[in-house]
Undergrad: 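Handing you this structure, nothing more for now.
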Amino acid sequence: MGRKDKRWILQRKKDFYYNLAKKQKYRSRATFKLFQLNEKFRFMKEGDIVVDLGCAPGGWLQAAREIVGDRGFVVGVDLQSVKPLPYDNVKTIKGDMTKEETIQKIREILYPAKPTVVISDASPNISGVWDVDHARSIELTTIALKIATQLLKERGNFVVKVFQGDMFMDYVSLVEKYFEKVYPTKPRASRKESSEVYVVAKRYTGKPWEEEEPIKKEEKIEEQIGTEELLAKKIKEMRKLKANK
Ligand SMILES: C[S@@+](CC[C@H](N)C(=O)[O-])C[C@H]1O[C@@H](n2cnc3c(N)ncnc32)[C@H](O)[C@@H]1O
């Protein structure tokens, strides 16, 4: 075992929420982030129908099930398979949230009901290059927002994890186009040194998704450029263009 690996294990041992999750049989330390967010913003309650995007290993599924109780329903989606939870009202789909067929499966499971809450803790593959990870996160969170507008009941709520960077405020403005109240926030259980923040959006207005949103720009970038260095370069160019406008 290398020195770096040892340091990582030691760090984890010291991690309060990691230990608490283990003790309380939650599948991830992220469980506490959802509890803390909901304590503060009250976007999820007993009886709600919840869609959890990027749900593996299932910590948010456990928290959501605890909040919605027997009368609610929770559907999770992830690229990875999720070990089943011992509840009839929690279902998971192995699939890619960026694919229409996955969204269709969610609709089929819930039919004829619609979700009252969409939550997303989905993370893109981390490259370690801040700009690249931010751009990928904005791409994924824009897709999560699109899904929320396509699935949610009017006045439903949306919560999403975003990696910070200079497109963050543009993303918040985009969410504000569809929800009455939007709050960027960082729960206590989120590590200070992590670039993640959460956006809590309350009361979907019912406005349909508009396809000219930044999601298209991001798709073009990924199509044209293969490597991460080139992607970072392209983002710098875009920023220069924006600054010169
Ligand atoms: C930080 S983990 C989620 C942790 C979860 N909230 C919990 O408490 O257990 C992020 C997840 O997003 C998933 N993910 C990333 N891109 C995805 C995609 N396109 N479709 C579905 N899941 C995706 C990853 O597979 C990963 O399991």
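When a ligand or atom number is given, it counts from 1 through the structure's own listing order.
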Undergrad: By ring-ring contact (aromatic ring centres under 6.0 Å, His included), which residues pair with Tyr204, not counting sequence neighbours?
TA: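 Checked Tyr204 against ring-ring contact (aromatic ring centres under 6.0 Å, His included); matches are Phe179.
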
Undergrad: Using the rule side-chain contact (heavy atoms from CB on, under 4.5 Å), only one of Ile93, Val74, Asp78 pairs with Cys55; which is it?
TA: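 The side-chain contact (heavy atoms from CB on, under 4.5 Å) with Cys55 is passed solely by Asp78 among Ile93, Val74, Asp78.
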
Undergrad: I would like to know whether Asp131 and Arg136 meet salt bridge (charged side-chain N to carboxylate O under 4.0 Å, His left out); could you show each step before the answer?
TA: CA-CA 9 Å; Asp131 276 348; Arg136 284 183 182 163; over 6 Å; no

Undergrad: Which residue is it: Leu53, Val160, Ile106? I am looking for the one with a side-chain contact (heavy atoms from CB on, under 4.5 Å) to Val118.
TA: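 The residue from Leu53, Val160, Ile106 that satisfies side-chain contact (heavy atoms from CB on, under 4.5 Å) with Val118 turns out to be Leu53.
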
Undergrad: Can Lys207 be said to sit on top of Tyr178's aromatic six-ring, NZ or CZ under 6.0 Å from centre and within 45° of the ring axis?
TA: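 Here Lys207 passes the 6.0 Å and 45° test against Tyr178.
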
Undergrad: Write out each pair where an N or O from ligand 1 and one from the protein are under 3.5 Å apart, with the distance.
TA:
{"residue": "ligand 1", "atom": "6 (N)", "partner": "Asp121", "partner atom": "OD2", "Å": "2.8"}
{"residue": "ligand 1", "atom": "8 (O)", "partner": "Ser28", "partner atom": "OG", "Å": "2.7"}
{"residue": "ligand 1", "atom": "8 (O)", "partner": "Gly59", "partner atom": "N", "Å": "3.4"}
{"residue": "ligand 1", "atom": "8 (O)", "partner": "Trp60", "partner atom": "N", "Å": "3.0"}
{"residue": "ligand 1", "atom": "9 (O)", "partner": "Ser28", "partner atom": "OG", "Å": "3.3"}
{"residue": "ligand 1", "atom": "9 (O)", "partner": "Pro57", "partner atom": "N", "Å": "3.3"}
{"residue": "ligand 1", "atom": "9 (O)", "partner": "Gly58", "partner atom": "N", "Å": "3.1"}
{"residue": "ligand 1", "atom": "9 (O)", "partner": "Gly59", "partner atom": "N", "Å": "2.9"}
{"residue": "ligand 1", "atom": "12 (O)", "partner": "Ser123", "partner atom": "N", "Å": "3.4"}
{"residue": "ligand 1", "atom": "19 (N)", "partner": "Asp96", "partner atom": "OD1", "Å": "2.9"}
{"residue": "ligand 1", "atom": "20 (N)", "partner": "Met97", "partner atom": "N", "Å": "2.9"}
{"residue": "ligand 1", "atom": "22 (N)", "partner": "Leu79", "partner atom": "N", "Å": "3.4"}
{"residue": "ligand 1", "atom": "25 (O)", "partner": "Asp78", "partner atom": "OD1", "Å": "2.6"}
{"residue": "ligand 1", "atom": "27 (O)", "partner": "Ala56", "partner atom": "O", "Å": "3.4"}
{"residue": "ligand 1", "atom": "27 (O)", "partner": "Asp78", "partner atom": "OD1", "Å": "3.2"}
{"residue": "ligand 1", "atom": "27 (O)", "partner": "Asp78", "partner atom": "OD2", "Å": "2.9"}

Undergrad: Taking the side chain as every heavy atom from C-beta outward, state whether Leu140 and Thr98 have any pair of such atoms under 4.5 Å apart.
TA: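 Result yes, sub-4.5 Å side-chain heavy-atom pair found.
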
